[in-house]
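Structure first, then comments.
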Number of protein chains: 4
Amino acid sequence: MVSTKRLSARPARESGSERRAELLAIAGELFASRGFLATTVRDIADAAGILSGSLYHHFDSKESMVDEILRDFLDTQRRTNERVLREASDPRAAIIELIRQSFAAMQHHQAAIAIFQNESKYLAQFERFGYLRQAANEFERTWTRVLQDGQRSGAFRADLNVKLAYRFIRDMVWTTVHWYNPRGKLTSNVIADQYIKILCDGIVVP
Amino acid sequence: MVSTKRLSARPARESGSERRAELLAIAGELFASRGFLATTVRDIADAAGILSGSLYHHFDSKESMVDEILRDFLDTQRRTNERVLREASDPRAAIIELIRQSFAAMQHHQAAIAIFQNESKYLAQFERFGYLRQAANEFERTWTRVLQDGQRSGAFRADLNVKLAYRFIRDMVWTTVHWYNPRGKLTSNVIADQYIKILCDGIVVP
Amino acid sequence: MVSTKRLSARPARESGSERRAELLAIAGELFASRGFLATTVRDIADAAGILSGSLYHHFDSKESMVDEILRDFLDTQRRTNERVLREASDPRAAIIELIRQSFAAMQHHQAAIAIFQNESKYLAQFERFGYLRQAANEFERTWTRVLQDGQRSGAFRADLNVKLAYRFIRDMVWTTVHWYNPRGKLTSNVIADQYIKILCDGIVVP
Amino acid sequence: MVSTKRLSARPARESGSERRAELLAIAGELFASRGFLATTVRDIADAAGILSGSLYHHFDSKESMVDEILRDFLDTQRRTNERVLREASDPRAAIIELIRQSFAAMQHHQAAIAIFQNESKYLAQFERFGYLRQAANEFERTWTRVLQDGQRSGAFRADLNVKLAYRFIRDMVWTTVHWYNPRGKLTSNVIADQYIKILCDGIVVP
DNA sequence: CATGAATGAGAGTTCATTCAT
DNA sequence: CATGAATGAACTCTCATTCAT
């Protein structure tokens, strides 16, 4: 039988143990609800039922925690976006599905999304978090391309400022995270449908 | 006749001296761009060319500064909203003008708006800033009423979830503050026009 | 009359105020007697009669304190060495005067010398303290040159290993700092005389 | 006949297993090169390829490690000194042999010597390490006696301050440990010869 | 014997705030 | 009005040590 013993002498800080995941979830909730700076490592430790020093058995620093949370989310989202683009039949369907998937992400990544929204500006000033800007740029390029394709194919209004429309949609989707309640009456599906309708057809009766 | 001049040389802490206004402007920019917590009183003092202790000749605390910034903005905005509602001919015109005025506010209150957006959640946990929640509720009531009136009068789609539509519009307007550049090519008027068009008629060609 | 008001907004951390000098003296004594690592900033603050946080009004960090102490000492010592070499008539006189000056330095720089001796190895691993290695090399070059000159001129034994002789002398001088007591019976002059005699003529009766 | 084997499987904490010796050697190197305080138990464990907690199967504490290292060295050195004194024909030969043996010790006890040199002051403040001061005193008594005997017998200069001469010799010998490289060109024998020559006859040509 | 999760004390540092000058 | 020295609480992080598995 093959030994399962670890070869490395200090695995905990790097591998994906269950405890780590639990702690990251706890930290994520706090970062999202109180803000990164306003959340102390003692807050996190208290919420986890351990002492603050014990967190450093699992993570190098508070920054490492938020780093891991954000990377996880961005990786997932990037993969989802790529899949949507591969499978969409036309620009209109692509935009709608991108939006729907973004709302869907709120169910499992609400904390990460909120952190990405609220703390990117602060964190991106540190070299370590340079990838946040890169990710934002990549998203922008993706969405903008779809909007342009749709405009060329006649699916979207010609008088649309694509850059502004992108920002409009992006903000519309992500700011929802601030008030979305996964246990509330408004499911992410309902919100997505309403927003897509407003976006596509406007609020005014023609 | 009783003089309106102050009897004693009251400390500047309460009067509206020019220096105060300057300092508030400096503090506002920093709060808006770096975040309230990430901005130290020394940052503010440095930017003003004085020592941090000297700020306390003008303000009681860091909180007092943000408090004054936010109250100024909310008072102005409230008065503007009231005027718009008095003068608007119908719900559609009212909504459009409310949006246009919100965008217009960005020219003189960008910092305050950003702070209101980013820090309300954090600040509202302190009793002193309870008025932030009240102001938010008041705005919601105002806008929601207009949307409902418009729905009843047949101006807006009947299948609109008014609460969601309000949030949609609110977020759409306020998040702009994060990327709006008062010295950039996109004037607040252009942004307002584009957003109103999307909002009213959607992005899809009918 | 010319104003003496400072132009800079934050002078204390950089200029040479009296308080700074006092605090540095206190810190130096502690670093020398307990070791740099074993001395906490709270120890220093306690000895100075203030709180630990108050130290940071004057210094950026514990490292900055030891940095300033060491730079002061090395600068002084470098200048003294240069003067001795300029004024010495021959290598034998130069070596004797270098040693005498080194012992003399103990009266005003005992703490700095002890720190330089004890903590150089630890501190030099940080980039900031790279100059410690440079200073050591410079001292070595100076002393070695004098020893070689003396050997060539026939003043010193020909069978002397110059590199070893340098280390011998250097260690002989600097280790004294560990037990030298400026208020004890053995003045630095007495020690210097004895050591120079041993060094020049040996302990054995010819 | 009573077995000398231990009756129970006593924990390795007290026995002299090979693993213990290995670990002590590793710890000794680190204590010597980085300093006792600057060496963490994790450093030691990492160097040994185990986790820090596992060290506590072998030793009670970090202090126990350094304690054992120092006791080993001091015992050996004490026995060597006693043998030298028994066998030496006269004070001059005794001093020379003491020095030679001290240099010889560097080959197997370099780490211990360095630790004794660097950390005695710090460690001796704890009761447990009171024996460090005693050992130092004992060494001083031994060497001083030999120097006095030699002075009386006319072997050493009469104008020698014995106390100072002792310190001179002691420091001369022990500080070598800071730069001695057992794999370098300068063998401990060469260094001993040079230093003994300087000590006995001085550096100046008579 | 070793692991890995945890403890608990204490380290260096930050920062809003105060106040005599 | 401004300075500059100080406070005091809180912060992130370190580390020797313990112990169930």
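Sequence lines set the chain letters: A, B, ... in the order given, protein chains first and strands last, and positions in each chain run from 1.
- With distances taken from any side-chain atom of A:L51 to the nucleotides E:dT7, F:dG4, F:dA2, the minimum falls on E:dT7.
- Judged by Watson-Crick or G-U wobble contacts below 3.5 Å, the nucleotide F:dC11 has E:dG12 as its partner.
- Ionic pairing of D:E68 and D:R71 is not present here: no N-O contact between side-chain nitrogen and carboxylate oxygen is shorter than 4.0 angstrom.
- Nearest-nucleotide mapping onto DNA chain F: of B:G53 and D:T40, the residue sitting toward the 5' end is B:G53.
- Nucleic acid contact class of D:T39 (heavy atoms, under 4.0 Å, all strands): sugar-phosphate only.
- Side-chain atoms of A:R19 and base atoms of E:dG4 include no donor and acceptor less than 3.5 Å apart.
- When all heavy atoms are compared, the tightest approach of C:Y56 to C:S61 is CE2-CA, 3.8 Å.
- For B:S54, a side-chain nitrogen or oxygen approaches OP1 or OP2 of F:dT3 to under 4.0 Å.
- Separating the NE2 atom of C:H58 from the C1' atom of E:dT13 is a distance of 15 Å, rounded to the nearest angstrom.
- Nucleotide F:dT21 forms a pair with E:dA2, judged by Watson-Crick or G-U wobble geometry with both contacts under 3.5 Å.
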query = Do D:H57 and D:I50 pass the side chain to side chain contact (heavy atoms under 4.5 Å, CB included) test, and can you show the C-alpha distance, the side-chain angles, and the key distance before you say yes or no?
reply = CA-CA 11 Å; D:H57 282 284; D:I50 57 177; over 6 Å; no

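- Residues A:N118 and A:A32 approach most closely at ND2-O, 4.2 Å, considering heavy atoms.
- An OP1 or OP2 oxygen of E:dT18 is reached within less than 4.0 angstrom by no side-chain nitrogen or oxygen of B:Y56.
- Taking for each of D:S52 and B:L55 the nucleotide of DNA chain F with the nearest heavy atom, the 5'-most of the two is the partner of B:L55.
- Residue contacts shown for B:S61 are limited to sugar-phosphate atoms, with no base heavy atom under 4.0 Å away.
- A sub-4.0 Å separation between OP1 or OP2 of E:dA6 and a side-chain N or O of A:H57 is absent.
- Closest to the side chain of A:R42, out of E:dG10, E:dA6, E:dG4, is E:dG10.
- In this structure, A:I50 reaches the sugar-phosphate backbone alone: every heavy-atom distance under 4.0 Å involves primed, P, OP1 or OP2 atoms, never a base.
- The aromatic rings of B:F126 and B:F129 stand perpendicular to each other, their planes meeting at an angle above 60°, with 30° marking the opposite boundary.
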